[in-house]
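Notes for the one structure printed next.
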Number of protein chains: 2
Amino acid sequence: MADQLDRILQQWHVEKPELDVSPMAVIGRLSRAAMAVESRLAATFARHGLDAPSFDVLATLLRSGAPYRIAPVKLAREAMISTSAVAQRLNKLESRGLVKREANPGDGRGTLVALTDAGRELIETTLPDHLETEHAIIATLSVEEQANLAMFLQRITESSR
Amino acid sequence: MADQLDRILQQWHVEKPELDVSPMAVIGRLSRAAMAVESRLAATFARHGLDAPSFDVLATLLRSGAPYRIAPVKLAREAMISTSAVAQRLNKLESRGLVKREANPGDGRGTLVALTDAGRELIETTLPDHLETEHAIIATLSVEEQANLAMFLQRITESSR
DNA sequence: TATTGTTATACTCTATAACTATA
DNA sequence: TATAGTTATAGAGTATAACAATA
């Protein structure tokens, strides 16, 4: 089945026959797949009143395990965003009562972000739905193909560092 | 080699052993790979004074072939963005003299976006550099692996429609 | 001096709504 | 009525800079 990338590649072959545009077949489809997936995940998040950045913070807190407390600087490193961006994500979540900021007993400069009961409840409810969405997205691939895909993506990410 | 996704999956296994988080291995790596690639492509674009949306418009015009003219509504469909977003991309490019808007002789309502000489020159110079970057990103995979990766991504995108 | 964290501010890209003009 | 295109406006998320406080 020809997709949009096939048509784009065909155009390039006609217009620039001397160029090797084969990398576009991979990178183009990577970016389109990421866009399509992002949009499906966003729909699931929205059903629970969340967006991707908020889900990311709550999920990071949950998977860190009891007592569900993390320093903002650690959240910034995990998400690869600035500490300022973290502060702004936290403002949003804290105003909804999903997290709260506490003093860090081990570091007078620091803060600990804690999951509230409401936050815990929301992420526990959202997570299975999210996993179901992710499962549906990749169900078109066999388990072996999924493993190969994950490995290829890992190698691409590593080689881009 | 354990990457960040391996550590995240391990955390989930400990905290939520009853959940099947295996889809995250694929989707998580997809989103990280897309982010890493996007950032490398952006660096190449920046070296030529461009960003991804601007490159997208100029490349679309170039691969459309002579006379390098496209209606805005077609640009919107190709890029899957609103016609308003297209108008704003065009404002930016036109103010730099890289494209110009002409009347559409076949449709009195319409406009044709034309590559200027400067725009043509810029995209012709940027394109080989861009392809080199893309080639470097996927060079870690064999040609066969690249083909498999592209196919897997295509299937994921299709199944998300 | 370096690190943690916050706010103020600005930037980028986008979509929605409102509008003009032509098919 | 529908389509093409634009601007005004607002929204989301981010980073940089400036700042306060502690290590």
Return the set of residues passing salt bridge (charged side-chain N to carboxylate O under 4.0 Å, His left out) with A:Lys92 (not counting sequence neighbours), or none when no residue passes.
-> A:Asp51
Apply side chain to side chain donor-acceptor pair (under 3.5 Å) to B:Arg101 and list each qualifying residue two or more places apart in sequence or on a separate chain.
-> B:Asn91, B:Glu94
Rounded to whole Å, CG of B:Asn91 lies from C1' of C:dT12 at a distance of 15 Å
Sorted by first residue and then second, give each ring-ring contact (aromatic ring centres under 6.0 Å, His included) pair with at least one member in residues 139-161 of chain B; sequence neighbours left out.
-> none
Among side-chain atoms of A:Gln154 and B:Arg32, is any donor-acceptor pair under 3.5 angstrom?
-> no
Which ring-ring contact (aromatic ring centres under 6.0 Å, His included) pairs, counting each pair once, include a residue from residues 99-136 of chain A, with sequence neighbours left out?
-> A:Phe45-A:His130, A:Phe55-A:His130
Hydrophobic cluster partners of B:Met1 (side-chain heavy atoms under 4.5 Å) | none
Is the closest side-chain donor-acceptor distance between A:Ser84 and A:Gln88 under 3.5 Å?
-> yes
Under 4.0 Å from any atom of DNA chain D, heavy atoms only: list the residues of residues 60-89 of chain A that qualify, in numerical order.
-> A:Ile81, A:Ser82, A:Ser84, A:Ala85, A:Gln88, A:Arg89
Can you run down the ring-ring contact (aromatic ring centres under 6.0 Å, His included) pairs that involve residues 15-34 of chain A, sequence neighbours left out, and say none if there aren't any?
-> none
At a 4.0 Å cut-off to heavy atoms of chain A, the contacted part of DNA chain D spans D:dG13 to D:dA23
Which of residues 37-58 of chain A sit near DNA chain C, with a heavy atom under 4.0 Å from it?
-> none
Does a donor on one side chain and an acceptor on the other come within less than 3.5 Å for B:Thr125 and B:Glu121?
-> no
Verify the neighbour count for atom CD of B:Glu158: are there more than 12 heavy atoms of other residues, nucleotides or ligands below 6.0 Å?
-> yes
Tell me the ring-ring contact (aromatic ring centres under 6.0 Å, His included) pairs involving residues 76-115 of chain A, sequence neighbours left out?
-> none
State which residues pass salt bridge (charged side-chain N to carboxylate O under 4.0 Å, His left out) with A:Arg109; sequence neighbours excluded, sorted by chain then number.
-> A:Asp107
DNA chain C-proximal residues of residues 92-109 of chain A, any heavy atom under 4.0 Å | A:Arg101, A:Arg109
